[in-house]
Amino acid sequence: MHPMLNIAVRAARAAGNIIARNLGNNSQFSVTEKQRGDLVTDIDRECENTITSTLLKSYRDHCVVGEESGMSGNADSPYKWIIDPIDGTQNFVQGVPHVAVSIALRHNDKAVVGVIFNPFTNEMFTASKGDGAALNGRRIRVAGRDSLENAVVATAMPVRYRERMKAYMPVFERLVDATADIRRSGAASLDLAYVACGRFDGYLEQGLKVWDFAAGELLVREAGGIITDFAGTPNYSKTGNVLCGNPNIVRGLLKVTDPQTLDSILR
């Protein structure tokens, strides 16, 4: 295992243990609404501190960018860890055991290590650049389905950007018409991991933050998939609009997200 991947796995497990101990105990921690539909808890912060301290203990000259606490360590370092301590906080608060710890390492803005860990299923998704992707140590690949007709695709409604809902609905309707079924799980990192291992044929969501997809993007690519924005370009890091799957599924999803009908969403 890549040495930096090994440290990331260690940090993810430490945070996962904290999450597992606290699911269903929401009377024991505080919940704050950053904005409508976007929650943070004391457990998010505890997990982020645990991950950050684990990473910086091993790599003192690195930088860590966390969803809750911002930047720690050496801001000028070419090595930047990007972490989401609890992806799926709403699920966690509701007692739904579908959450993940997401940790990615970028070197000069290129993803080189990615870890996504669900402590409730004990599933550790890992990837390192050029070495492929794995689930609990076993190689994984994206699904081989050749069209959307029988595909199961994960997505999410723009609940954090409700002003976009009216413009997004035609896209959602076309997605329902074009696919066998859709899923909305509430944890973007796991949606990406599930595409990487073939559980979902594809995934698309708009308005994501970098910590939502930093680990998942590497998993998908190392598992043989393609990841783009809604217009088929690699600008998803800027727009936050993510679409992925195997080449045939991506081609089909890009027809669903016809850019001409998405102008009001993408701007």
Side-chain angles (χ1 to χ4, degrees), residues 1-19 34 38 40 42-89 99-117 119 124-134 187-190 192-193 196 207-223 225 227-229 233-242 244:
M1 182 180 288
H2 189 291
M4 293 185 186
L5 181 58
N6 189 45
I7 297 300
V9 166
R10 185 187 306 169
R13 286 200 182 279
N17 289 338
I18 297 170
I19 295 168
K34 294 186 284 187
D38 190 5
V40 61
D42 292 345
I43 309 305
D44 290 82
R45 298 187 180 96
E46 183 180 352
C47 289
E48 186 160 296
N49 290 338
T50 296
I51 296 167
T52 299
S53 62
T54 300
L55 297 175
L56 291 181
K57 183 178 179 180
S58 296
Y59 303 106
R60 296 180 182 178
D61 61 334
H62 286 195
C63 176
V64 178
V65 180
E67 178 181 7
E68 309 305 339
S69 58
M71 191 175 295
S72 305
N74 177 13
D76 296 322
S77 174
Y79 290 96
K80 286 186 169 59
W81 295 91
I82 301 171
I83 62 176
D84 190 343
I86 305 180
D87 183 28
T89 299
V99 305
V101 181
S102 178
I103 303 174
L105 174 64
R106 287 181 173 180
H107 180 242
N108 292 326
D109 293 325
K110 301 293 183 182
V112 295
V113 163
V115 169
I116 296 171
F117 179 53
M124 182 73 72
F125 296 88
T126 57
S128 55
K129 187 176 180 181
D131 291 333
S189 64
L190 286 175
L192 288 161
L208 295 178
K209 303 299 185 182
V210 65
W211 41 78
D212 294 319
F213 61 78
E217 66 171 329
L218 184 63
L219 273 165
V220 169
R221 288 202 304 268
E222 289 294 324
I227 182 165
T228 76
D229 65 9
T233 78
N235 291 329
Y236 57 89
S237 288
K238 296 179 181 179
T239 65
N241 302 316
V242 171
C244 68

On the 0 to 90° scale, with breaks at 30° and 60°, tag the F213-Y236 ring pair as parallel, tilted or perpendicular.
perpendicular
Is there a donor-acceptor contact under 3.5 Å from the side chain of D87 to the main chain of S102?
no
Looking at S77 and D61, would you say the former's side chain and the latter's main chain have a donor-acceptor pair under 3.5 Å?
yes
Is any side-chain heavy atom of V113 closer than 4.5 Å to a side-chain heavy atom of I7?
no
Is the closest basic N to carboxylate O distance between R45 and D42 below 4.0 Å?
yes
Would you please test L56 and S72 for side chain to side chain contact (heavy atoms under 4.5 Å, CB included) and show each step?
CA-CA 9 Å; L56 291 181; S72 305; 4.2 Å; yes
From CG (N74) to NZ (K80), nearest 0.5 Å
8.0 Å
For the side chain of E217 and the backbone of A111, is there at least one donor-acceptor N/O pair under 3.5 Å apart?
no
Will you find, in the side chains of D131 and S128, an N or O donor that is under 3.5 Å from an N or O acceptor?
yes
Please test S58 against T54 for side chain to side chain contact (heavy atoms under 4.5 Å, CB included), starting from the C-alpha separation and ending with a verdict.
CA-CA 7 Å; S58 296; T54 300; 5.6 Å; no
Determine whether M124 and V9 make a side-chain contact, defined as any pair of heavy atoms from C-beta on separated by less than 4.5 Å.
yes
Would you please say whether a donor-acceptor pair under 3.5 Å links the side chains of T233 and D229?
yes
Check V115 against A8 and note the closest heavy-atom contact, atom names and distance.
CG2-CB, 3.7 Å
Distance in Å, T52 OG1 paired with I103 CD1, rounded so as to fall on 0.5 Å steps
9.0 Å
Donor + acceptor pair across side chains of T89, D44 (<3.5 Å):
yes
Between V220 and L192, what is the shortest heavy-atom contact and its length?
CG2-O, 3.6 Å
From CD1 (I19) to CD1 (I43), nearest 0.5 Å:
9.0 Å
If you look at every heavy atom in N241 and G207, which pair is closest and at what distance?
OD1-N, 3.1 Å
Find the distance between NZ (K57) and CG (L55) and round it off to the nearest 0.5 Å.
12.0 Å
Restricting to non-hydrogen atoms, name the atom on K129 and the atom on K110 that form the minimum distance, rounded to 0.1 Å.
NZ-CB, 4.5 Å
Donor-acceptor pair, E48 side chain versus D84 backbone, under 3.5 Å?
no
Using every non-hydrogen atom in the two residues, find where L218 and A127 come nearest and quote the distance to one decimal.
CD2-O, 3.7 Å
Applying side chain to side chain contact (heavy atoms under 4.5 Å, CB included) to M4 and W81, what does each step give before you reach the verdict?
CA-CA 10 Å; M4 293 185 186; W81 295 91; 4.2 Å; yes
Would you give the length of the straight line joining atom CZ of R13 to atom OG1 of T50, rounded to the nearest 0.5 angstrom?
15.5 Å
Any donor and acceptor pair, going by atom type alone, linking the side chain of N49 with main-chain N or O of E46 inside 3.5 Å?
no
Here the pair of heavy atoms bringing I51 nearest to P85 is CD1-CA, 4.1 Å
